[in-house]
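Below, all heavy atoms of this structure are taken into account, side chains as well, without hydrogens, waters or symmetry copies. Computed from a predicted structure; not experimentally measured. In listed order, ligands and their atoms are each counted from 1.
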Amino acid sequence: MDFIIVSDSSSDLLSLDGVSFNSVPLKIMTDVKEYVDNSELDVRDMLSDLSKYKGRSRSACPGIGEYLAAFGDAQYVFCVTITSGLSGSFNAAKGAEKQYMEEHPDRRVHVIDSLSTGPENALLIAKLRELILSGESLDSIVEKITEYHNHTRLIFALESLHNLANNGRVSPLVAKLSGILGIRIVGRASDKGTLEIIEKTRGANKMLADIVKNMCGDGYCGGRVKIHHADNEESALALKDKIATKYPDAQIEIAMTRGLCSFYAEHGGLLVGFEI
Ligand code: X90
């Protein structure tokens, strides 16, 4: 069967083995430059530019047309977007779904609002890939991925909420409270797909311990983990070690965030998607 998986660039994935895949870029803009979050973007260069830039910066989600182009002419489309709680990407994908199915009544699109971002989206996509490759029907895949989504979570650790606050994605008061130098926050994607701060944490080791503590508190017990880091491989590896000490058989993968997640998680940020 002719399946394609489409995701906006918040999933930090550029390609996928064995199943057709298209990434639809979000954009990051300053008053002087636009960064398109596609395979050509040098994320470290962008982070370095932004650290020197003192003006305003913002992001923009894809439009309906960009999603339609990414659907191509596939019979069955699975589309995974960043949380509708913080972005218009899901609405654009739903608009594209409507248009695509009006123009081609024999085709089907299933859009998934991840209520999350980064590595949790990547987990959903990995599961979709497995289900497609195992030859399941569309209805069965929809049922199984919906159930799987009930068992995935996102926890993150950020050193700054500056870009999130400046773009209205977290209240300025919350950002100010956590903005004291040397304090990192550990948070989670809430049930509604918004940013929920769990605690403030001081020092890199304490931060890693707090991530693992909260993963276990949310029900993690040795399932699959994806760690995405904003140019902070050292902490990602240390976190992997900590999880592996507790759960030696856990499958833990590490990747770097692409443009959108790097912009909002900011340099050093860690995002952890896991199964419960
Ligand atoms: O439409 C747009 O312009 C995109 C807006 C995205 C805003 C949030 C991105 C968050 C990226 C930061 C920490 C994780 C928070 C997750 C809460 C669900 C990563």
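Counting atoms of ligand 1 from 1 in the listed order, those under 4.0 Å from a heavy atom of Ala189 are 18 (C). Near Arg169, the atoms of ligand 1 lying under 4.0 angstrom from a non-hydrogen atom of the residue are 1 (O), 2 (C), 3 (O), 5 (C), 7 (C). Of all atoms in ligand 1, numbered sequentially from 1 with element shown, those under 4.0 Å from a heavy atom of Ala60 are 3 (O). Near Gly193, with a cut-off below 4.0 Å to any heavy atom, the atoms of ligand 1 are 18 (C). Atoms of ligand 1 lying under 4.0 Å from at least one heavy atom of Cys61, given by number and element, are 1 (O), 3 (O).
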- Query: Which is it for Tyr220 and Tyr247 under the ring pair (Phe, Tyr, Trp, His ring centres under 6.0 Å) test, yes or no, and what are the steps along the way?
  - Reply: CA-CA 10 Å; Tyr220 179 72; Tyr247 295 103; 5.3 Å; yes
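Residues meeting the salt bridge (charged side-chain N to carboxylate O under 4.0 Å, His left out) test with Glu233, sequence neighbours left out: none.
Under the 30°/60° scheme for interplanar angles, the aromatic rings of Phe78 and Phe3 are found to lie parallel.
In this structure, atom 15 (C) of ligand 1 lies nearest to the protein heavy atom Phe156 CE2, 3.7 Å. Protein heavy atom nearest atom 6 (C) of ligand 1, with residue, atom name and distance: Tyr264 CE1, 3.6 Å. Protein heavy atom in closest approach to atom 1 (O) of ligand 1: Ser87 OG, 2.7 Å. Looking from atom 4 (C) of ligand 1 to the surrounding protein, the closest heavy atom is Ser59 OG, 3.5 Å.
With respect to the salt-bridge test (charged N to carboxylate O, under 4.0 angstrom), the residues Glu130 and Arg224 qualify. Look at Arg184 and Glu159 and you find a salt bridge, because one of the NZ, NE, NH1 or NH2 atoms lies within 4.0 Å of a carboxylate O, short of that distance.
Judged by distance alone, with hydrogens and angles left aside, the side-chain atoms of Ser140 form no donor-acceptor pair with the main-chain N or O of Glu136 at under 3.5 Å.
Ranked by closest heavy atom to atom 17 (C) of ligand 1, the top entry among Leu26, Ile82, Leu86, Val170 is Leu86.
In the hydrophobic clustering of ILVMFWY residues, with side-chain heavy atoms under 4.5 Å counting as a link, Leu138 and Val77 come out apart.
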